Amino acid sequence: MIFEFNNINPSNRYERSKIIQRLFHSVGENPWIESPFSCDFGSNISIGDNFYANTNCTILDCAKVAIGNNVLFGPNVSLYTPNHAFDAVERKEGYERSLPIKIGDNVWISGSVTIVPGVTIGEKTIIAAGSVVTKDIPSNVIAAGVPCRVIRSITEKDKVGLKITENT
C-alpha cells in the first residue's frame, strides 16, 4: 500500500485518502500526507482531524503512534517506536523493544525532527526544526535542540494577528 500511495498523483486526494484509511488504525477527517511517506505497518498509527505531514515523513510503528487533531509535520519528520537492545549480545541476537509515541492536539513538529521511542508531546506545543526529542515535552511550549528541551512557554505575545489564507 505504501508503494501504491507514493505513486499516486498528489492531485488524486480521494485515492490517497482511501489508502491511508485502509493502512492506518484510525484516521480523522481531512488527512493529508505528502509523498514520499514510509511506515513499518501502518496498523499501529492513529491520526486525528486535519493532520498534515510534509514530504519524507517516516513513522516506524512497531508500537502505537497516536497523533492528535490539527497536527502539522514539516518535511523529514521521523517517529521511531522501536529500540534495539543496549546489550551488545542481545542486540546481535536481534532483541528489540518498542515503546509508543503520543502527540497531542494542535502540535507543530518542524522540519527534520526525530522523535524516539516512548515520547509524549503535549498539546499546543512546537518542536523546532532539527530537534531530537528523547524525553516527554509538556503542553503549550516551544522546545528545541539535540537533545530537545523546553525553551519557553507559548504566550499571548506570540499571536501574530494575521490569518493566512489561500490567496496570500
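Values in this document were obtained by computation on a predicted structure and should not be read as measured data.
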TODO: Flag the pair I109 / I115 as yes when at least one side-chain heavy-atom distance between them is below 4.5 Å, and no otherwise.
DONE: yes

Task: Linked, directly or transitively: I67 and L99 (ILVMFWY side chains, under 4.5 Å) - done: no

- [ ] Return yes if some donor-acceptor pair links the side-chain N/O of R16 with the main-chain N/O of W32 below 3.5 Å, else return no.
- [x] no

Open item on the list: Using the rule given for side-chain contact (heavy atoms from CB on, under 4.5 Å), can you reason through Y80 versus I101, listing the C-alpha separation, both sets of side-chain angles and the distance that settles it, and then say yes or no?
Closed with: CA-CA 8 Å; Y80 304 146; I101 293 173; 5.5 Å; no

Open item on the list: Determine whether V71 and I47 satisfy the following criterion, side-chain contact (heavy atoms from CB on, under 4.5 Å), listing intermediate values before the conclusion.
Closed with: CA-CA 9 Å; V71 173; I47 59 174; over 6 Å; no

- [ ] Identify the heavy atoms of L23 and C39 that sit nearest to each other, and give their distance.
- [x] CD2-SG, 4.0 Å

TODO: Assess R91 against F86: is NZ or CZ under 6.0 Å from the centre of the six-membered ring, and within 45 degrees of the ring's axis?
DONE: no

Task: Contact check, side chains of K18 and I8, non-hydrogen atoms, under 4.5 Å - done: no

TODO: Say whether N70 and D105, considering side chains only, have a donor N or O and an acceptor N or O under 3.5 Å apart.
DONE: no

Task: Closest heavy-atom pair and its distance - S17, P31 - done: OG-CG, 4.1 Å

TODO: Output the distance between atom CD1 (I142) and atom CH2 (W108), rounded to the nearest 0.5 Å.
DONE: 9.0 Å

- [ ] Please answer: with hydrophobic residues joined when any side-chain heavy atoms are less than 4.5 Å apart, are V141 and I151 in the same cluster?
- [x] no

Open item on the list: Is there a path of hydrophobic side-chain contacts, each under 4.5 Å between heavy atoms, that joins M1 and I20?
Closed with: yes

Open item on the list: Within the supplied structure, the quantity of interest is the number of heavy atoms (other residues, nucleotides, ligands) at a distance under 6.0 Å from R22 CZ; does it exceed 12?
Closed with: yes

Open item on the list: Do H25 and S46 have side chains that approach each other closer than 4.5 Å (heavy atoms only, starting at C-beta)?
Closed with: yes

Task: Min side-chain heavy-atom separation F37-I59 under 4.5 Å - done: yes

- [ ] For residues R152 and D158, report the shortest heavy-atom separation together with the two atoms involved.
- [x] NH2-OD1, 2.8 Å

TODO: Would you sort out whether V113 and C148 count as a side-chain contact (heavy atoms from CB on, under 4.5 Å), showing the intermediate values?
DONE: CA-CA 10 Å; V113 169; C148 189; over 6 Å; no

TODO: Could you check if a side-chain atom of Y95 sits within less than 4.5 angstrom of a side-chain atom of V89, using non-hydrogen atoms only?
DONE: no

Open item on the list: Distance check, rounded to the nearest 0.5 Å: L72 atom CG versus I127 atom CD1?
Closed with: 13.0 Å

Open item on the list: Any heavy-atom pair between the side chains of P117 and R97 that's under 4.5 Å?
Closed with: no

Open item on the list: Contact between N106 and E123 at the side-chain level, heavy atoms closer than 4.5 Å - yes or no?
Closed with: no

Open item on the list: Do P75 and N56 make a side-chain contact, defined as non-hydrogen atoms from C-beta onward lying under 4.5 Å apart?
Closed with: no

TODO: Using a cut-off of 6.0 Å, state whether more than 12 heavy atoms not belonging to E93 lie near its atom CD.
DONE: yes

- [ ] Report yes or no: does T134 contribute a side-chain atom to a donor-acceptor pair with the main-chain N or O of V116 at less than 3.5 Å?
- [x] no

Open item on the list: Tell me whether I121 shares a hydrophobic cluster with V150, the cluster being built from Ile, Leu, Val, Met, Phe, Trp, Tyr side chains joined at under 4.5 Å.
Closed with: yes

- [ ] Looking only at non-hydrogen atoms, find the nearest pair between P82 and S98 and report the distance.
- [x] CA-OG, 3.4 Å

Open item on the list: As a quick check of understanding, evaluate side-chain contact (heavy atoms from CB on, under 4.5 Å) for F73 and N54, giving each step before the final call.
Closed with: CA-CA 6 Å; F73 283 5; N54 211 319; 5.7 Å; no

Task: Single hit among N44, N83, T81 for side-chain contact (heavy atoms from CB on, under 4.5 Å) with C62 - done: T81

Task: Main-chain N/O of V107 paired with T125 side-chain donor or acceptor, under 3.5 Å - done: no

Open item on the list: For a quick test of reading the model, state the closest non-hydrogen atom pair linking P36 to N6 and the distance between them.
Closed with: CA-OD1, 3.2 Å

Task: Non-hydrogen atoms of A143 and S131 that approach each other most closely - done: O-OG, 4.1 Å

Task: Among V119, V65, L79, the one residue meeting side-chain contact (heavy atoms from CB on, under 4.5 Å) with I103 - done: L79

Task: F51 with I19, same ILVMFWY side-chain cluster at under 4.5 Å - done: yes

- [ ] Using side-chain contact (heavy atoms from CB on, under 4.5 Å) as the criterion, point out the one residue from N50, D49, N30 that pairs with N69.
- [x] D49

